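Read the structure below first, then the notes.
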Number of protein chains: 2
Amino acid sequence: MSKCEQCIIRKFSSLRALNKEELIKISGCKTSKVVKKGEVLFEEGDYLNGVYCIRDGACKLTKLSANGKNHIVKFITKGDLLGQRSVISDESVNLSAVAVNDMEVCFIPRDEIMSSFKENSEFSVEVVRDICYDLKTSDDVTVNMAQKNVKQRLADSLLYLHDTFGEDAEGYIKIQLSREEIAGMVGTATESLIRMLSEFGKKGLIEVKGKRIKIVSILKIQNVSDGIV
Amino acid sequence: MSKCEQCIIRKFSSLRALNKEELIKISGCKTSKVVKKGEVLFEEGDYLNGVYCIRDGACKLTKLSANGKNHIVKFITKGDLLGQRSVISDESVNLSAVAVNDMEVCFIPRDEIMSSFKENSEFSVEVVRDICYDLKTSDDVTVNMAQKNVKQRLADSLLYLHDTFGEDAEGYIKIQLSREEIAGMVGTATESLIRMLSEFGKKGLIEVKGKRIKIVSILKIQNVSDGIV
DNA sequence: AATAATATATGATATTTGTCATACACTTCG
DNA sequence: CGAAGTGTATGACAAATATCATATATTATT
């Protein structure tokens, strides 16, 4: 079993604030596992008894909406921690987590996290800072969802994907989602999304090759997002 | 100056987890003030050096959207704490706070909050629990904003207002907002909102008298929110 | 390789929502 | 009291978006 003290991944999350003893203790009780693309880490309503540290791969956090569509709220990628909110507030998770590519994750039991949270104020401040950041972001997204039209929201989603996953050698965003999934991020009908994607393509904002999308001009997409025509 | 140890309001927020010494210390350095309806507590981008404890009245938290409209994200009312996110994560606030009726608030300096946060784990857990709850709620709202149509969102907003402010003797929701403000909660044009309000009125879901709104049937409004026609 | 299943694309049309114009109601303030 | 300003309401129309139908492409399965 790999040792947390030597794991670089922890440096990317609030786990960086843990001291050596804490890391050794966690090493002893954590479990590692592989999650294949499409597999479910947890579902809306589940209670987690620990947090996941994402060593590789990514998952989507989704919520089933009132009208039966799966909305992708955000993606969790390599280096991120998953499930802190639920563990700390001792509530069920409100989102489902599904792998969007093959993942490698470590599971750290609840008790370890909570004891560090209570005893190591540097760690607790870090954790809270993360959650606060998420809250701020979520409020911003709420406003965008409420006030922007579908075209603007698609621009936002493309920028978010680009930001989160980066580009491959050819400049394509390093994640492949179905049109239905993207529609579920934007909050629109799949057909509408497809039309808008090809519109963006025709206008030279993006290049589409199957499921792969390349942003031609970040600036132009940003202008669309800001409603600058 | 009133004493925090004797103040009942603190029982409604995470401040309930503070011990007597902490409360006495806060009593000595807190300031109280009255904020008149329409006055601004802080604006998007400000740095707060403390948190507000709302002793009476309410304020709206708004954000200016890309298209220039003021979106009301939520209301903060009697008993709530305001500004913890910004203080703990040491970032500027992302929302503006404007009184929607006359308020009485106490201001607790940053240092007091942070020292209790670091030393009193019961308090820090409470604070984080609150922020986690807000995060969960915010994600839920995001999904609703993205997936529901204007009619459903209006139903949600009415239920939220009813929940947050309660009813007066005649059954009207105990807050008076302009049509423009409600439109800014729902994320729609003011004219569309006005039309929909009168549609709700004609269908007997609500009763409207000037700025005062009465929900006739919570159940029916809930059905609208759920898209059950 | 052929077939089935699924995803993507596009047209036609209905519905929803936004915009602009205008009218009316209500407040405020000199 | 009356004028000016603001908020609310409504009609007419335009634009955005959803829905349904269907075609075509892509992937999976045998």
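Below, chains carry the letters A, B, ... as their sequence lines are ordered, and counting in each starts from 1. As the structure is a prediction and not an experimental result, all values here were calculated from the model.
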Note to self: Base, sugar-phosphate or nothing for B:T190? Non-hydrogen atoms, less than 4.0 Å.
What the structure shows: nothing

Margin query: Measure CD/A:Q152 against C1'/D:dA15 and give the value in whole Å, please.
Written below: 14 Å

Check: Rounded to the nearest Å, what distance is computed from the CG atom of residue B:L154 to the C1' atom of nucleotide C:dT17?
Finding: 14 Å

Next item on the list: Output yes when B:R110 and B:D90 qualify as a salt bridge under the 4.0 Å nitrogen-oxygen rule, no when they do not.
Entry: yes

Next item on the list: Mind running side-chain hydrogen bond (donor to acceptor under 3.5 Å, both in side chains) on A:T142 and B:K63 for me, showing each step along the way?
Entry: CA-CA 10 Å; A:T142 296; B:K63 188 175 157 68; over 6 Å; no

Notebook entry, point to check: Between C:dT10 atom P and A:L193 atom CG, what is the distance in whole Å?
Noted result: 13 Å

Notebook entry, point to check: Nearest to the side chain of B:N149 - D:dA9, C:dT16, D:dT17?
Noted result: C:dT16

Check: If only side-chain N and O atoms of A:S198 are considered, is one of them under 4.0 Å from the OP1 or OP2 phosphate oxygen of C:dA9?
Finding: no

Margin query: Between A:K151 and A:E199 (salt bridge meaning N to carboxylate O under 4.0 Å), is one present in this structure?
Written below: yes

Note to self: Just the rounded figure in Å: distance from C1' of D:dT26 to CD of A:E180.
What the structure shows: 16 Å

Notebook entry, point to check: Out of D:dT8, C:dT8, C:dT10, which nucleotide sits closest to the side chain of B:R179?
Noted result: D:dT8

Check: Can you check the A:L177 CG to C:dT8 P distance for me, whole Å?
Finding: 10 Å

Check: Do B:R195 side-chain and C:dG18 base share a donor-acceptor contact under 3.5 Å?
Finding: no

Next item on the list: Would you mind reading off the distance between A:E191 atom CD and D:dA16 atom P, rounded to a whole angstrom?
Entry: 18 Å

Check: If you draw the axis of the six-membered ring of A:F165, does the NZ or CZ of A:K174 fall within 45° of it and under 6.0 Å from the ring centre?
Finding: no

Check: Think A:S178 has a side-chain N or O under 4.0 angstrom from the OP1 or OP2 of C:dA7?
Finding: no

Margin query: Distance check needed: C:dA7 C1' versus A:I194 CD1, whole Å only.
Written below: 8 Å

Checklist line | Contact nearer the 5' end of DNA chain D, comparing A:K69 with B:K211 | finding: B:K211

Note to self: Between the side chains of A:R212 and A:E170, is the shortest nitrogen-to-carboxylate-oxygen separation below 4.0 Å, so that they form an ion pair?
What the structure shows: yes

Next item on the list: May I have the distance from B:K151 (atom NZ) to C:dT15 (atom P), rounded to whole angstrom?
Entry: 12 Å

